[in-house]
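Numbered from 1 within each chain, the chains take letters A, B, ... in sequence-line order.
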4 protein chains.
Amino acid sequence: MERAVRRAQVLRHAKRIFARNGYHRTNVGQIVRRARIARGTFYLYFDNKRDLFEELLAQALGEISARIRRLRIGPGEPDPVEQLRANLRRVLEFVLRERDLTDIVLNHSVGFDPELDARVSVFYQRIAQDIKRSLDLGVEMHLVRPCDTEIAANCILGGIKEVVAWAARRKRPAIVALAEEILALGLTGVARPALLESGAKARTADGRLSGEARL
Amino acid sequence: MERAVRRAQVLRHAKRIFARNGYHRTNVGQIVRRARIARGTFYLYFDNKRDLFEELLAQALGEISARIRRLRIGPGEPDPVEQLRANLRRVLEFVLRERDLTDIVLNHSVGFDPELDARVSVFYQRIAQDIKRSLDLGVEMHLVRPCDTEIAANCILGGIKEVVAWAARRKRPAIVALAEEILALGLTGVARPALLESGAKARTADGRLSGEARL
Amino acid sequence: MERAVRRAQVLRHAKRIFARNGYHRTNVGQIVRRARIARGTFYLYFDNKRDLFEELLAQALGEISARIRRLRIGPGEPDPVEQLRANLRRVLEFVLRERDLTDIVLNHSVGFDPELDARVSVFYQRIAQDIKRSLDLGVEMHLVRPCDTEIAANCILGGIKEVVAWAARRKRPAIVALAEEILALGLTGVARPALLESGAKARTADGRLSGEARL
Amino acid sequence: MERAVRRAQVLRHAKRIFARNGYHRTNVGQIVRRARIARGTFYLYFDNKRDLFEELLAQALGEISARIRRLRIGPGEPDPVEQLRANLRRVLEFVLRERDLTDIVLNHSVGFDPELDARVSVFYQRIAQDIKRSLDLGVEMHLVRPCDTEIAANCILGGIKEVVAWAARRKRPAIVALAEEILALGLTGVARPALLESGAKARTADGRLSGEARL
DNA sequence: GATGAATGAGTCTTCATTCAT
DNA sequence: GATGAATGAAGACTCATTCAT
C-alpha cells in the first residue's frame, strides 16, 4: 500500500509538469526534483518516462470513459436527453476538476508515440461512435432529424472538446450551465426557434434555407 | 527567386514528414535526406528546425485566416448564412486539399514550444471571437436565439475542427455536403424541427424538455 | 556458525548465477532474489558483490591448488607418472563435479578487476611452474627429452584447461579415461610410436620429419 | 575512403583500450578521448560500443581463420606436418604481432553478450573440429596412433592458446621456435623417444605405463 | 553557395550500496 | 540481525547545429 501511495505522489507531481510542458519538454530530472525523490527512485516505481505518461493518460481516458453511459431506451428509463445531460455533467465534472489531466489529454497526448497516438485515437473514435449510435437511435425514434449522423457525431464530439478546453482556462466554470449550453446547441443549434418554425417550411431538400428565413 | 524555390522544395518535403511523424519524431536528417540536400544546406535556408516548422504553421494558419471573411451586414450584402457557407467552404477546400498542413495544425502544433503554442492558441481564439461576434450580431438582429455566445462560438469551432480531422481521414470528402451538414448542425442542431416547434413551448426554465416531446 | 551457513547458502546461489551469466550480467538483485534474502542482508555477509565473487574464485583456485601435489622423487615414492595421474584425476574430479565454479574460473574470471586478474594469473603461472619444475626434473632424470620446458609446461596446462572446458560441456565425462588421454598426449603426443621409432632417426636438426615417415 | 580511414583510426585506439581494460572497464569516453574525437563522432562510425567491439573481434577471428588452411593430402601436396607447421606459423605470426587483438580474443571476449559468446565459441569449436578431422585422417593413414581424437583436438587447441597467451607476454617471441615446440609436443609429447621405444611394448591396454618404463 | 563530417550538450537509464525502520 | 526503499554516480546514446573545405 505504501507503494501505491508513493506512486500516486510521483504521478501527481508528474501530471502537473506534463500538463504545463508536455511530454518532450518534461524530463525525468524535473519530475524527481519536484517529487523530491532521487533519480533512481523514479525507476523503482515506473519503467520509464513513457510508462508514467501512459499511466496518466490511461487514468484520464479510463475515468472519462467510465462517466459516459450508453443511452437506455425503454419504459421506466429516464428521458434520453436527461441521460445525455447526466453523461455530459459527469464528464465535465471530471475534466474541469482534473485540469492537468485534461490538458494532457487535449494538448499533449498526440505525436510522440504511435502506440499512444493509436490509443487516444481509439478512445475518441469510440466516443464518436457512441454518439453516432445515439443519433441513429434518435432518427429511428423520430426524435432526431435525418442527417449524416457520423458527421454530426464528430461535430458534437469536437464541440465538447473545444468547450472543455475553453472552460478549463476559466477560473470557476459552471458545469451545469456549460452542460445546458452544449446540450441546447447540439439539439437546437443557434438559430431562433421562431425563425426556424417558418424557415422549416422553406427548407429545401439539401438542407439549405431559402426565402426570407435567413441564418 | 531561385532561393524561394529551394525553400519551397524543402518546405514541401518537411511538411510531409512533420505531418506523418510530428515535430519531435522528425529530425533534420530525415528532412535533408528527403529533400536531397546536404545538412549544411538546410541551415542556409532556415535558421533551424523550429524555424522551418514555424513557417509551415504560419503558412497554414495564414491561409486559413485569409479564407475566413468577416460577415458584412447591409443592403446589397449577401445573406449572412450564405457568407458563413462561403467561409466554411473556402476553409474546407483548403484544409482538405492540404491535408499534411491540416494534420500538422490539428495534431502536431502544440506542446513543444511556448511561443508556437501561443501562436496557435491566438489563431484559434481569434476565430472563436469572429464566430462569437457573428453570433452577437445575430442575437442583435434577432436571428440567433439568446445564449452564451462565447461558449457557442467555441463549440462551433470545435465541431468544425473535429469534422475536418474526421474528413481528412476519408478518401474524397465532399466539401459542399460537409459544409451543409456543419451549417445545419450549427443552426438547427440535431432535433427534429417539428418536435421543437411544440417542444419549444414545453421547455422549462432549466432547459429541460417536458411533455411528450422529448429529445 | 549460523553465519557461515548463511554465507555458504548465498555463495551457492551466487555461484550458479555467476557461472551462467558472468560477473557483469549478474547483479545483486538476482542473487538476493535467488537466495531469498533482502538486499541489505547481502551486505551483512559480504562487503560487496566483488567480495563475494572473489570468495568463489578463491574457493575454486584453492581447492584446485590443494589437489595438485608436488612430485616426490625418491625410494618408496610412487612412480612419477602415477603421481601425475593422481594429480590429474583429483583435479578433474573436482572441476567436473563443481562445474559452475569451473565455468567461473575458465570463462568469467578475467577482465573486470586488475587485482582479481592478477590473482588468477598467478594461480595459472604457479601451476605452469609446477609443471615446468616436473619437466625439468624429468629432463635431469633422462625421462623427458630436452625441450623448452617452459613452453611445454604452458602447452600442457592449456591442453588440460581446454579439455576440462570441453568435458564440462558433456553430460557424464569419464574422469579416468580423460586423465589417460591427457597423460598419453602429454607423454607421447599423437604420432604412432612405431612411426616415431624410425622417424626419430630421420628427424632433422630443425625438427622436420623427412623420408617416408611423415606425420 | 576517408571514412574507412577514420574508422580504422578509432578501431586502433579502441583496440588498445579494450585489450588493456576489457569491455566493461572501457567506456566510450575513454575511446573518444584517446582517438581525439567528439562523443558524437564515435556514433557516426559505429552503432554503439558493442558494435565496435564486435568488429574488433570479427577482425581477429576472421584473420586467424583465414590463416588456418585445411590439410590437403595427395600426390604433389606438401608433407602434412609441413602444412601443420605452416598453419601454426601463420597463426602465430598474426597473434603475436597483433597482441592487443589476441588479448581481446583470449581474455576479454567472453561473458558480456550471449551472441558474441556464441560467436567465439563457434570459432573455437570449428578449429577443434578441423584439428579433429586432421587427426582422424592421420589415424586412417596410420600416421596417428588410435586415440580419442576429439579430446586430443581440444587438448592441442588449448595448448596452442595457452602458449600464445604466454608468448604474448614475452618481448620478442621466436615464432619459428614456438611452432616447432608446439609441433613436437603435439606429435611426440615430452617423453624421451628412447624411453618410449621400450615403453611402448610395456604399455597396457588402458594406456597405462608399467614396468621400469616410467613417466 | 553547397557539402557532410564533426561537435558536445542534454537525457535517459542502470545498479551497487546505504540506512532508517 | 533483517529488511527493502532510497540513493546518486556513472555511462550510453541522440541530434540540432556548426564549420572547414
### Task
Identify, residue by residue, the members of residues 34-53 of chain D with a heavy atom below 4.0 Å from DNA chain F, and return them in order of residue number, or none.
D/Arg39, D/Gly40, D/Tyr43, D/Asn48, D/Lys49
### Query
Tell me the salt bridge (Lys or Arg N to Asp or Glu O under 4.0 Å) pairs involving residues 48-60 of chain C, sequence neighbours left out?
C/Arg7-C/Glu55, C/Arg50-C/Glu54, C/Arg50-C/Asp113, C/Arg50-C/Glu115, C/Glu54-C/Arg119
### Message
What is the distance, to the nearest angstrom, from the CZ atom on B/Arg7 to the P atom on E/dA2?
### Response
13 Å
Can I get a per-line list of side-chain donor-acceptor pairs under 3.5 Å for residues 10-18 of chain D, giving both atom names and the distance, sequence neighbours left out?
from	atom 1	to	atom 2	distance (Å)
D/Lys15	NZ	D/Glu98	OE1	3.2
D/Arg16	NE	D/Asp100	OD2	3.2

### Query
What dot-bracket string describes DNA chain F from 5' to 3', counting Watson-Crick and G-U wobble pairs whose defining distances are under 3.5 Å, with [ ] for crossing pairs and | for pairs to another strand?
.||||||||||||||||||||
### Query
Atom CD of D/Gln30 to atom P of F/dA10: distance rounded to whole Å?
13 Å
### Query
Rounded to the nearest 0.5 Å, how far apart are CD1 of B/Ile104 and CG of B/Asn107?
10.0 Å
### Task
Give the rounded distance in Å between these two atoms: CD1 of D/Ile31 and P of F/dC13.
11 Å
### Query
Does the side chain of D/Tyr124 reach to within under 4.5 Å of the side chain of D/Val105, using non-hydrogen atoms?
yes
### Query
Looking only at heavy atoms, what is the nearest atom pair of A/Asn48 and A/Tyr43, with distance?
CA-CE2, 3.8 Å
### Task
For residues 27-42 of chain B, pull every pair meeting side chain to side chain donor-acceptor pair (under 3.5 Å), keeping only residues two or more places apart or in separate chains.
none
### Query
Do the rings of C/Phe53 and C/Tyr23 sit parallel, tilted or perpendicular, given the 30° and 60° boundaries?
perpendicular
### Query
Which residues in residues 9-28 of chain A have at least one heavy atom lying under 4.0 Å from any atom of DNA chain E?
A/Thr26, A/Asn27, A/Val28
### Task
For atom CZ of D/Arg169, decide whether the heavy atoms of other residues, nucleotides or ligands shown that lie under 6.0 angstrom number more than 12.
yes
### Query
Are the side chain of B/Ser121 and the backbone N or O of B/Asp117 linked by a donor-acceptor pair below 3.5 Å?
no
### Task
Specify the separation, in whole Å, of atom CZ of B/Arg6 and atom P of E/dG1.
10 Å
### Query
Distance-only, no hydrogens or angles: does the A/His108 side chain make a donor-acceptor pair with backbone N or O of A/Asn21 under 3.5 Å?
no
